[in-house]
Amino acid sequence: MDFDALYQGQSVTYSGSDQQLDTIPWRLDGPQPVVVELADNGEFTGPVLESGCGLGDNALFLAERGYQVTAFDAAPTAIEQDRAKAAERGLKVDFVVADATTLDGIEGGFNSVLDSAMMHCLTDEQRVDYLTALHAVCNPGALLHILCFPDLIEALFPLPGHTDEASLRRDLGRHWRVDRMQMRSYTTGLTQDQWAAAMPPSAAVFLPAPDSPAGVDDQGRLQLPVWQIRAVRA
Ligand SMILES: C[S@@+](CC[C@H](N)C(=O)[O-])C[C@H]1O[C@@H](n2cnc3c(N)ncnc32)[C@H](O)[C@@H]1O
């Protein structure tokens, strides 16, 4: 998917499908609730690196909590917008354009990493390169927090890699010790009706029954199943 075009406000298609997307489903204008929960539970130690930071709201939230944060994304438009947002809010985050598979331009020394819905954008081979590069920029014992869509999400949109539990554990296990892996909810910025209008009929499996509170937060935003993984740098 052409993420940069999406951040420029253009309509894009998913690779491997003719499905059009003209809104950013992960725009919350605030941090992802699971990220707030992690911060509340003391799961971050600075300096923190955020991978695939997109609209920058998680990174800005962590900076607001007092962490030293570096956040990167491959989409230059997103990083430009994030820098403007940080300046507007008087927050300091080092927003960098970088590719996850090499991390060129990212200095080392991180004690925590956040990956909120980036890793599933990679093929299996790219994921191995990413996890190796991440290992190289982190201190021993660093914590890696990942939110990654599982294979079953493919009813909604195609994923380039395999994100079943065994594949993820296999690739992480090369450099990271997985000490928690559970299914949680990723909050999207769209309501059930907006998803139904934007997605193919197969997406119906993710739409909760009418009037059911399941899978919808208290603001009416649809939540999707996501792997929450906690891993420690070996
Ligand atoms: C689904 S969005 C999630 C954005 C944000 N982390 C969130 O949860 O709101 C995935 C992000 O990963 C970025 N991305 C995808 N592939 C990447 C790569 N190889 N290197 C760096 N960023 C990448 C995209 O540009 C996009 O901003």
Side-chain angles (χ1 to χ4, degrees), residues 1 3 6-7 9 14 19-44 48 50-65 67 69 71 73 78 81-82 85 89 91 93 112-121 144-159 163 165 168 180-230:
M1 177 156 66
F3 286 101
L6 191 62
Y7 290 123
Y14 285 106
Q19 197 183 312
Q20 286 282 331
L21 190 62
D22 50 19
T23 177
I24 301 176
W26 53 92
R27 180 187 290 281
L28 298 187
D29 294 322
Q32 184 59 223
V34 174
V35 175
V36 177
E37 180 190 294
L38 286 168
D40 287 346
N41 292 340
E43 288 282 338
F44 294 106
V48 181
E50 189 186 2
S51 301
C53 58
L55 298 158
D57 293 308
N58 292 323
L60 292 168
F61 160 75
L62 290 171
E64 227 162 21
R65 289 274 177 113
Y67 293 102
V69 185
D73 201 284
Q81 293 171 357
D82 295 346
K85 236 190 247 183
R89 290 171 55 181
L91 291 168
V93 172
S112 317
V113 180
L114 170 65
D115 179 325
S116 168
M118 194 287 291
M119 195 170 75
H120 58 239
C121 299
L144 169 58
H145 291 291
I146 301 175
L147 298 176
C148 171
F149 286 138
D151 274 15
L152 62 94
I153 210 86
E154 296 208 288
L156 200 51
F157 44 79
L159 296 179
T163 56
E165 180 168 359
L168 293 172
R180 193 170 62 216
M181 182 162 184
Q182 56 189 345
M183 203 54 85
R184 298 292 305 279
S185 293
Y186 179 87
T187 302
T188 72
L190 305 185
T191 64
Q192 205 176 148
D193 288 347
Q194 289 168 323
W195 272 104
M199 296 293 156
S202 56
V205 294
F206 292 103
L207 299 179
D211 303 326
S212 156
V216 177
D217 78 357
D218 55 9
Q219 295 173 50
R221 304 179 298 191
L222 192 74
Q223 296 173 310
L224 297 174
V226 75
W227 288 120
Q228 181 184 11
I229 302 169
R230 180 187 199 269

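Quick caveat: nothing in here was measured; it's all calculated off a predicted structure.
When every heavy atom of Ile24 is checked against every heavy atom of Leu55, the shortest pair comes out as CG2-CD1, 4.0 Å. A pairwise comparison of heavy atoms in Met181 and Leu168 identifies CE-CD1, 3.8 Å as the closest pair. In terms of heavy atoms, Ala63 sits closest to Val69 at N-CG2, 3.8 Å. Pairing each heavy atom of Ser185 with each of Val34, the nearest pair is O-CG2, 3.5 Å. The shortest non-hydrogen separation linking Val35 to Phe44 is O-CE1, 4.0 Å. The two residues Pro31 and Asn58 have their closest heavy-atom pair at CA-OD1, 3.3 Å.
Annotation: the span from Leu6 atom CG to Asp22 atom CG amounts to 8.5 Å, rounded to 0.5 Å. Remark: Cys121 SG to Met1 CE distance equals 6.5 Å, nearest 0.5 Å. One finds the OG atom of Ser112 at 7.5 Å from the OH atom of Tyr67 (value rounded to the nearest 0.5 Å). Taking CD of Gln228 as the start and CZ of Arg230 as the end, the distance is 10.0 Å to the nearest 0.5 Å. Atom SG of residue Cys148 and atom NE2 of residue His120 lie 6.5 Å apart, to the nearest 0.5 angstrom. Between the NZ atom in Lys85 and the CG atom in Asp57 there is a gap of 4.0 Å [rounded to 0.5 Å].
At distances below 3.5 Å, not a single donor-acceptor pair connects side-chain atoms of Glu50 with backbone N or O atoms of Val113. Between the side chain of Gln192 and the main chain of Arg221, no donor-acceptor pair closer than 3.5 Å is present. Listed for the Gln194 side chain is a donor-acceptor partner under 3.5 Å among the backbone atoms of Thr191. Side chain of Thr188 to main chain of Leu222: a donor-acceptor pair is present (N/O by atom type, distance under 3.5 Å, no hydrogens or angles). With hydrogens and angles ignored, the 3.5 Å screen pairs a side-chain donor or acceptor of Asp73 with a backbone N or O of Gly54. Proximity of a side-chain donor or acceptor of His145 to a complementary backbone N or O of Leu114 within less than 3.5 Å is not detected. Using modelled atom types, one side-chain atom of Glu154 and one backbone atom of Leu159 make a donor-acceptor pair closer than 3.5 Å.
In this structure, Arg65 and Asp40 have side chains that are in contact, with non-hydrogen atoms separated by less than 4.5 Å. Looking at Pro225 and Ile153, their side chains come closer than 4.5 Å, going by heavy atoms from C-beta outward.
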Where do Gln223 and Asp217 land on the side chain to side chain contact (heavy atoms under 4.5 Å, CB included) test, with the steps shown first? CA-CA 7 Å; Gln223 296 173 310; Asp217 78 357; 3.7 Å; yes
Evaluate the criterion side chain to side chain contact (heavy atoms under 4.5 Å, CB included) for residue pair Ile229 and Arg184; output intermediate values, then yes/no. CA-CA 10 Å; Ile229 302 169; Arg184 298 292 305 279; over 6 Å; no
Apply side chain to side chain contact (heavy atoms under 4.5 Å, CB included) to residues Ser116 and Trp26 and explain how you reach the verdict. CA-CA 10 Å; Ser116 168; Trp26 53 92; over 6 Å; no
Given side chain to side chain contact (heavy atoms under 4.5 Å, CB included), test Tyr186 with Phe149 step by step and report yes or no. CA-CA 9 Å; Tyr186 179 87; Phe149 286 138; 3.7 Å; yes
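Looking only at atom types and distance, the side chain of Asp151 has a donor-acceptor partner in the side chain of Thr163 under 3.5 Å away.
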